[in-house]
Amino acid sequence: MPATALLRHGGSAVNDHEVLPLLDQIGHVVSEAITRARPELAGSDPVVRRSDRADFQSNAALALARRLRVQPADLAADLVADLAPALDPARGPVAAVERSGPGFLNITLAEHAVWAQVAARLASPRLGVGTPERGRRTVIDYSAPNIAKEMHVGHLRTTVIGDSLARVLDLLGAEVVRQNHLGDWGTQFGMLIQYLDEHPEISWRQADLAGDVSAVSALDQLYRSARAAFDADPAFADRSRARVVALQSGEPATLARWAEIVAESEKAFRAVYDRLGVLLTPEDSVGESSYNPVLAATASELVDAGIAVDSAGALVIFSEEVTGPEGAPVPLMLRKRDGGYGYDTTDLATIRHRLRDLKAHRLLYVTDARQALHFRLVFEAARRAGWLTDDAEATHVAYGTVLDRDGRPFRTRAGGAVRLTDLLDAAVARARAVVADRDHGLSPAELDQIAERAGIGAVKYADLSTSRVRDYVFDLDRMVSFTGNTGVYLQYAHTRIRSILRRAGDSHPEVDPELPMEREERALALALDGFGATLIEVSRTLEPHRLCGYLYDLARAFTAFYEVCPVLGSAEPVRGNRLALCQLTARTLSRGLGLLGIAAPERM
RNA sequence: GCGCUCGUAGCUCAACGGAUAGAGCACUUGACUACGGAUCAAGAGGUUGCAGGUUCGAGUCCUGCCGAGCGCGCCA
């Protein structure tokens, strides 16, 4: 097939794939047959899918027969006839086509085409994955912990899912802009700053604390004390309110203390991000406070546009689409009766900034599903204001709640939020026990490192591997299991393959495309060929669990191959082809896990 | 009251509108001194919450019910 045909086919962009998947190659072949058989149907979807009865099947005849008022079986027969010229076993990818059932076309691939695909992907540093998202500026809003508060289980999903999407979209060529919308503003800081001021003897800065206590941990405690004092002591409450005013009006000493609290908190967040292996950096932090200077302008712009109106002394935007109780339109609270601004206004200023200043084409908000209505209102307002146009897309990437084994929201016994570090510690401890149980001659230091990677990976994988919008049950025993659809299983699969490759010694296996293929080799090769298409699915649906499912299927396809196809015990040239499959599988698993933000250790 | 989301094997979860709804765990019966036991083979397990509709074809789309969770102005 000429290079241009590899690069362009029915309707897809040129850079969808660096190495055109066989499924798309077959789609191209079937499309040409459709055009030959029925010119009026040129451009129709060839409807090529994986099949359990052949390598691929095309359902095009079934889909198109109605338009022609013919029997699907008859159209299928015509397509078989028109595919005949493509059946050049020496050159094309198709070895055989047959009609089946009411009008399916079962398509068998030429073995050399499958081997050639393995060789092509192996030769590519990016495994043949293209850049279909190239040039698309995509803002991903995720993580968003609160300053002076511990990160807890509620931050897990947004951080893990957002980070994975950032990695996938980046690989696909998108211009990813990560935004950590820190909760760094609000009246609670008045209370906290006042309390710190009145208790200068208390140490809370990272440098003044004992080893494993973080500044946010200390601040979180101090906030509770401040809250108690606020409730118990009216005088302190008054001083705290005055402090809020000082903060909002930019009084230098108060502002400096606030900035220090923010900086100390960010240090603690960074430690958690490092441990989790999350991409977020200080440069990605654009907290709520950043929008303070433009809140008034944002509000007045919406008033001028006639969108925002007065209601009972407050400034609101009434939805034209959604109603609340008693059929009244649901409002966004733009300015409270006391003149203050809330998160509705901040989010409006934020979306304005991202569309107007950052010139984003796609906005992703990775937050809890419970905020669905809020984002619907924000997007509606942004559309009415003319900020969000048809050139851009805003999506609330919603996710479900983390539940305990009894199906209730995951909390401590006392009913509080579970600290993220405690959660990770527990997972690492559990992973350590499971890995030590295998005993592959690891030193204690290696064991520690592997337990950390396995435990963190297990938590992240468990979070990513089920449908995003559904709630999921946090079950440590299941997530660190070496069997089933777990991160540990995939990491282990990777180490096993790496072990084979180390023993083989040959890091540049040659693929001989003329060799016959075992059934399991073919199944594995076809699985490997689907990597890029899976990533495109993830970018389209924003559902990382599709990548997890793909990697799990890939690992199982490898297992089946490994059962029946000796690698090291085979002579060349069979050995070379099988080593190529091993190497491509290892690289695909490693890259895939990397896109989930999970390490792929060499041993475990 | 209105709205959003979810409902699939005993359990945890999959399934771009395609043929016989798939995995893992648990269960039953067998096999192998192992390229790292991530065991392998076979079996059992389902009216995809219920009822209609669209379609050549529906777990998937539409409508209505049932059930669960969540949300609906001055907290984010």
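In what follows, chains carry the letters A, B, and so on, assigned in the order in which the sequence lines appear, proteins first and then strands, with residues in each chain numbered from 1.
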Inset, instruction - Please work out if A:Q57 contacts a base, only the sugar-phosphate, or nothing of the nucleic acid, heavy-atom cut-off 4.0 Å. - result: base

Inset, instruction - Considering only atom P, compute the distance from B:U63 to B:U54 and round it to an integer number of Å. - result: 15 Å

Legend entry - Between P of B:U12 and CG of A:D463, the distance in whole Å: 17 Å

Inset, instruction - Quote, to the nearest angstrom, the P distance that separates B:C70 from B:U28. - result: 38 Å

Inset, instruction - Rounded to whole angstrom, note down the C1' distance from B:A42 over to B:U5. - result: 41 Å

Legend entry - Presence of A:T483 side-chain N/O under 4.0 Å of B:G24 phosphate oxygens OP1/OP2: no

Inset, instruction - Could you grab the distance from atom CD1 of A:I107 to atom CG of A:L22, nearest 0.5 Å is fine? - result: 11.5 Å

Inset, instruction - Indicate, with a heavy-atom threshold strictly under 4.0 Å, whether A:M479 touches base, sugar-phosphate, or nothing. - result: nothing

Inset, instruction - May I ask you to decide whether A:R376 forms a salt bridge with A:E380, counting only side-chain N to carboxylate O separations under 4.0 Å? - result: no

Legend entry - Distance below 4.0 Å between A:R470 side-chain N/O and B:A14 OP1 or OP2: yes

Inset, instruction - Hey, which sits more toward the 5' end of RNA chain B by its nearest nucleotide, A:L64 or A:Y489? - result: A:Y489

Inset, instruction - Send over the distance from A:L62 CG to B:G57 P, rounded to a whole Å. - result: 11 Å

Inset, instruction - Could you tell me whether A:Y489 and A:Y492 have their ring centroids closer than 6.0 angstrom? - result: no

Could you pull out all donor-acceptor pairs under 3.5 Å where a side-chain atom in residues 545-553 of chain A meets a protein atom, sequence neighbours excluded?
residue : atom : partner : partner atom : Å
A:R546  : NE   : A:T541  : OG1          : 3.3
A:R546  : NE   : A:E543  : OE1          : 2.8
A:R546  : NH2  : A:E543  : OE1          : 2.9
A:Y550  : OH   : A:A527  : O            : 2.6
A:Y550  : OH   : A:F531  : N            : 3.4

Legend entry - Anti/syn call for B:G45, syn if |chi| within 90°: anti

Legend entry - Least distance between heavy atoms, A:I497 atom then A:A586 atom: CG2-CB, 3.8 Å

Inset, instruction - Classify the nucleic acid contact of A:Y552 as base, sugar-phosphate or nothing, counting any heavy atom under 4.0 Å across all strands shown. - result: sugar-phosphate

Legend entry - Pi stacking test for A:F104 and B:A19: under 5.5 Å apart, planes under 30°: yes

Inset, instruction - Mind checking A:Y472 for me? I need base, sugar-phosphate or nothing, with any heavy atom below 4.0 Å counting as a touch. - result: sugar-phosphate

Legend entry - Closest contact, heavy atoms only, A:V567 versus A:C582: CG2-SG, 3.9 Å

Inset, instruction - For A:T187, report the nucleic acid contact type (base, sugar-phosphate, nothing); a contact means any heavy atom under 4.0 Å. - result: nothing

Legend entry - Candidate list A:Y142, A:Y399, A:F375, test ring pair (Phe, Tyr, Trp, His ring centres under 6.0 Å), partner A:Y365, passing option: A:F375

Inset, instruction - Identify the two heavy atoms, one from A:R502 and one from A:R603, that lie closest to each other, and give their separation to 0.1 Å. - result: NH2-NH1, 3.4 Å

Legend entry - Sugar-phosphate only, base, or nothing, as touched by A:C565 at under 4.0 Å among non-hydrogen atoms: base

Inset, instruction - Could you check whether A:R546 gets within reach of a base, just the sugar-phosphate, or nothing at all, counting any heavy atom under 4.0 Å? - result: sugar-phosphate

Legend entry - Exam field: side chain A:H396 to backbone A:D368, donor-acceptor pair closer than 3.5 Å: yes

Inset, instruction - Choose from B:U5, B:A38, B:A14 the nucleotide whose nearest atom is closest to any side-chain atom of A:S467. - result: B:A14

Inset, instruction - Pick the C1' atom in B:G52 and in B:A9, then give their distance to the nearest Å. - result: 26 Å

Inset, instruction - Tell me what A:S499 touches on the nucleic acid: a base, only sugar-phosphate, or nothing, going by heavy atoms under 4.0 Å. - result: base

Inset, instruction - Using the C1' atoms only, state how far B:G22 lies from B:G64, rounded to an integer number of Å. - result: 31 Å

Legend entry - Rounded distance in Å - CG (A:L105) to P (B:A19): 15 Å

Legend entry - Protein-to-nucleotide contact annotation, 5' to 3' order, nucleotides 66-76 of chain B [B base; S sugar-phosphate only; - none; under 4.0 Å, heavy atom]: ----SSBBBSB

Inset, instruction - Identify the heavy atoms of A:T159 and A:M151 that sit nearest to each other, and give their distance. - result: OG1-CE, 4.2 Å

Legend entry - Aromatic ring proximity, centroids under 6.0 angstrom, A:Y291 and A:H181: yes

Inset, instruction - In whole angstrom, give the distance that lies between atom CG of A:L476 and atom P of B:C25. - result: 19 Å

Legend entry - Distance, rounded to the nearest Å, where A:E98 contributes CD and B:A19 contributes C1': 14 Å

Inset, instruction - Nearest whole angstrom, please: distance from the P of B:C25 to the CZ of A:R405. - result: 18 Å

Inset, instruction - Could you tell me whether A:T486 contacts a base, only the sugar-phosphate backbone, or nothing, with contacts defined as non-hydrogen atoms closer than 4.0 Å? - result: nothing

Inset, instruction - Give a yes/no answer on whether the side chain of A:S51 brings an N or O atom under 4.0 Å of OP1 or OP2 in B:A19. - result: no

Legend entry - Watson-Crick or G-U stems involving RNA chain B, each at least 3 pairs long, distances under 3.5 Å, ordered by first number: B:1-7 with B:66-72, B:10-13 with B:22-25, B:27-31 with B:39-43, B:49-53 with B:61-65

Legend entry - Whole-Å gap separating C1' (B:A38) and OH (A:Y461): 13 Å

Enumerate all atom pairs, one protein N or O and one N or O from nucleotides 20-22 of chain B, separated by less than 3.5 Å.
none

Inset, instruction - Could you give the distance separating B:A58 and B:G17 at their P atoms, to the nearest angstrom? - result: 14 Å

Legend entry - Nearest non-hydrogen partners of A:S44 and A:S31, listed with the distance: O-OG, 4.1 Å

Legend entry - Plane angle bin for A:W185 and A:W258 - parallel if under 30°, tilted between 30 and 60°, otherwise perpendicular: perpendicular

Inset, instruction - Using the P atoms only, state how far B:C50 lies from B:G43, rounded to an integer number of Å. - result: 28 Å

Inset, instruction - Round to a whole Å and report the spacing from CD of A:E537 to P of B:A14. - result: 15 Å

Legend entry - Check ion pair A:R430-A:D477 (N to O, under 4.0 angstrom): yes

Would you tabulate the nitrogen or oxygen pairs shorter than 3.5 Å linking the protein to nucleotides 59-63 of chain B?
none

Legend entry - Expected output: side-chain A:D344 to main-chain A:L332 donor-acceptor under 3.5 Å: no

Inset, instruction - Remember a base hit wins even if backbone is also touched, and classify A:A504 as base, sugar-phosphate or nothing at under 4.0 Å, heavy atoms. - result: nothing

Legend entry - Nearest-Å distance once atom C1' is located in both B:C2 and B:U60: 27 Å

Inset, instruction - Pick base, sugar-phosphate or nothing for A:N106, based on heavy-atom distances below 4.0 Å to the nucleic acid. - result: base

Legend entry - For A:D529, all residues meeting side-chain hydrogen bond (donor to acceptor under 3.5 Å, both in side chains), sequence neighbours excluded: A:Q117, A:R121

Inset, instruction - Mind listing the closest non-hydrogen atom pair of A:R578 and A:P566 along with its distance? - result: NH1-O, 2.8 Å

Legend entry - Residue met sooner reading RNA chain B from 5', once A:D553 and A:G101 are mapped to nucleotides: A:G101

